Amino acid sequence: MNPALRAFEHTPVPITALPTANSLGLDEVERLEAICLLRPGLCEFGRSTVRFAQYCGVLCIGERILEILPKTDRIDRGTADAAPAHDMLLRMLRVVHDLPSPPLGSGSHDLIRSPLIELFAGRFLAETMRLVKAGLLKSYVSRSENSPTVRGRIDWSRHLRANAGRQDRAWCEFDELTHDVAVNRVLVLALLHLRDWLVAPTSIRLWHELMAAFDGIAPARRDEIERLCLDRQSRRYAAALKWARWIIEGLSPSLRAGAATAPALLFDMNQLFERYVAIKLARQAPPGWVVECQHDDRHLARVLVGEQGSSPAYRLKPDLLVRRADRIVMIADTKWKRLERDRYGKIRPSTDDMYQLNAYATAFQECGELALIYPCFDGLAADTLETTMRYELAGSIGPRSRRVHVAAVDLMDDVLRVRVGSSGDVLRRLAA
């Protein structure tokens, strides 16, 4: 397998005639163009570079794996920066997709420095081995065969047609208890997709052990994956099957004509960050507090129709809405981007971000606290003055004052905390 090509979101990657360790070849660019038809906005093509948008993860571009990592730093985008980027992405995926944390001591130092596909593969292999050790699911499957011994019941019509004049055979129908069931077949298909992409000796050894454990089980068909539903007995397969689906879609050897889905090992960081913050805040909320996502029952304006009638227009969907005893106490938007400093050295949100919060304040006039929540990247000083991160909206005076708090939260801590900025009364209760 050729070494993986590593790229960072919003960072250009050179295009050359032939692929190199730091550039895309022309054949790989053609494949990227095909993938972009399935995932619009994945990247922008320039004359000699490709710039990736906010999607992070891995995808197959022919003979190589392309891994796109979140930017955690402005400088040193080599191997040293990969480990914290890997850790951040996997931490967010575990929370948002309800995946179990790896057991202590399961990750080696070499694996942390491995390509992202090795980390994803490691999680999948570990989950699958856990199922093997607990015992693979078995189920009864109907069989029909011309057997030398009688099993189950004899299908006389087929027996007489196939075995006329023979006494050593009987065409039988019977139920057989087997591991060759849909959930196990999906895992086998994912293992086969991984075969050519593993590098770490630990992963290769684990892959061979699992293939031996699944011996005799056929790989799943595409229609089986789409129809697969978990019941009470197979619910323990949920985490492994989620990784398996991502691997099967992301490492598909060819893009199928008419396919409706893009590679599933790519994750929109805007959505991932929003869901991560929402889930963390909901878990940390005091009793009686509720955190809602994408609340959409308010509009910015109304269209006047005739003399008296009107209809709502410009639906608003704030990322987060916090209620306390049925009272809206905070409206917040998450922004997967860097907080930048202005020419005076003060950290300020963009004009568009403030306009968006002002629109929410207009529609939710009963709510006095609004927040812009950003990730806390390197370069934000921990001693930033809180006054530079708190704004009062024009026209809001006295008891109807509406303030916008700008906060940067730590993604590398198990507890979501405001590391830089102004948390306000509500956000301070949710993010310690």
Side-chain angles (χ1 to χ4, degrees), residues 1-7 35 55-70 79 82-133 136 183-215 217 219-220 225 237-254 262-267 272:
M1 186 194 80
N2 293 326
L5 173 62
R6 178 172 295 155
I35 293 175
Y55 295 98
C56 291
V58 300
L59 68 158
C60 176
I61 52 172
E63 299 299 322
R64 284 198 295 181
I65 285 289
L66 170 65
E67 65 172 38
I68 310 169
L69 298 177
T79 305
H86 287 164
D87 189 21
M88 177 190 295
L89 183 58
L90 289 173
R91 182 184 296 270
M92 295 171 72
L93 288 174
R94 283 199 299 270
V95 171
V96 171
H97 293 282
D98 195 24
L99 300 171
S101 299
L104 292 176
S106 64
S108 67
H109 181 72
D110 292 336
L111 190 60
I112 292 299
R113 295 180 178 275
S114 298
L116 192 58
I117 184 61
E118 286 280 349
L119 300 182
F120 285 171
R123 297 293 183 266
F124 167 67
L125 295 173
E127 281 299 309
T128 306
M129 181 55 76
R130 181 180 62 83
L131 294 173
V132 169
K133 290 180 178 179
L136 292 176
V183 287
N184 292 331
R185 288 196 291 268
V186 172
L187 299 182
V188 170
L189 182 61
L191 286 169
L192 293 176
H193 274 72
L194 278 177
R195 176 173 51 195
D196 297 330
W197 301 105
L198 297 176
V199 175
T202 303
S203 298
I204 295 173
R205 177 182 54 79
L206 191 55
W207 183 89
H208 283 288
E209 291 177 5
L210 288 171
M211 289 304 296
F214 284 90
D215 185 39
I217 301 176
I225 302 173
Y237 276 68
L241 287 174
K242 186 166 290 188
W243 283 113
R245 283 191 174 102
W246 287 341
I247 288 169
I248 291 167
E249 292 298 328
L251 300 184
S252 178
S254 62
L265 273 171
L266 291 175
F267 305 94
L272 189 63

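Fair warning: this is a prediction, and the values are worked out from it, not measured in the lab. Any value given below was found using the heavy atoms of this structure, including those in side chains, with hydrogens, waters and symmetry copies removed.
- In terms of heavy-atom proximity, Pro70 sits nearest to Cys56 at N-SG, 3.4 Å.
- With sequence neighbours left out, Arg195 forms a salt bridge (charged side-chain N to carboxylate O under 4.0 Å, His left out) with no residue at all.
- Residues Leu136 and Val183 are not in side-chain contact: their nearest non-hydrogen atoms beyond the backbone lie 4.5 Å or more apart.
- Here the side chains of Leu272 and Leu89 are in contact, with some heavy-atom distance below 4.5 Å.
- The distance between the ring centers of Phe124 and Trp207 does not fall below 6.0 angstrom.
- Between Tyr237 and Val186 there is no side-chain heavy-atom pair separated by less than 4.5 Å.
- Leu90 has its side chain within reach of Arg123: a pair of non-hydrogen atoms, C-beta onward, lies under 4.5 Å apart.
- Residues Leu189 and Ile225 have side chains in contact (heavy-atom distance under 4.5 Å, counting atoms from C-beta outward).
- Contact record, Leu187 with Ala244: CD2-CB, 4.1 Å, taken as the closest heavy-atom pair.
- One distance of note links CG of Asn184 with CG of Leu131; it measures 8.5 Å at 0.5 Å rounding.
- Contact between Lys242 and His97 at its shortest, heavy atoms only, is NZ-O, 3.1 Å.
- Taking 4.0 Å as the cut-off between side-chain N and carboxylate O, Glu209 and Arg205 count as a salt-bridged pair.
- Looking only at side-chain heavy atoms (C-beta outward), Leu69 and Met88 stay at 4.5 Å or farther from each other.
- Within the 3.5 Å criterion, the main-chain N or O of Leu5 finds no donor-acceptor partner in the side chain of Glu67.
- We find the CZ-CG distance between Arg64 and Leu66 to be 8.0 Å, quoted to the nearest 0.5 Å.
- Rounding to the nearest 0.5 Å gives a distance of 10.0 Å between CD of Glu127 and CG of Leu241.
- Among all heavy-atom pairs drawn from Trp197 and Cys60, the shortest one is CZ2-SG, 3.7 Å.
- Taking the six-membered ring for Trp and the full ring otherwise, the centers of Trp246 and His193 sit at least 6.0 Å from each other.
- Once rounded to the nearest 0.5 Å, the distance linking CG of Leu191 with CG of Leu125 reads 6.5 Å.
- For Phe120, the ring-ring contact (aromatic ring centres under 6.0 Å, His included) partners two or more places apart in sequence, or in a different chain, are Trp243.
- Atom CG of Leu194 and atom CD1 of Ile204 lie 11.5 Å apart (nearest 0.5 Å).
- Under the side-chain contact (heavy atoms from CB on, under 4.5 Å) criterion, Ala213 pairs with Val132, not counting sequence neighbours.
- For the pair Leu59/Ile35, a side-chain contact is recorded, criterion being any heavy-atom separation below 4.5 Å from C-beta on.
- Here CG of Leu206 is found 4.5 Å from CG of Leu210. Values are rounded to the nearest 0.5 Å.
- In this structure, Glu118 and Ser203 approach most closely via the heavy-atom pair OE1-OG, 3.2 Å.
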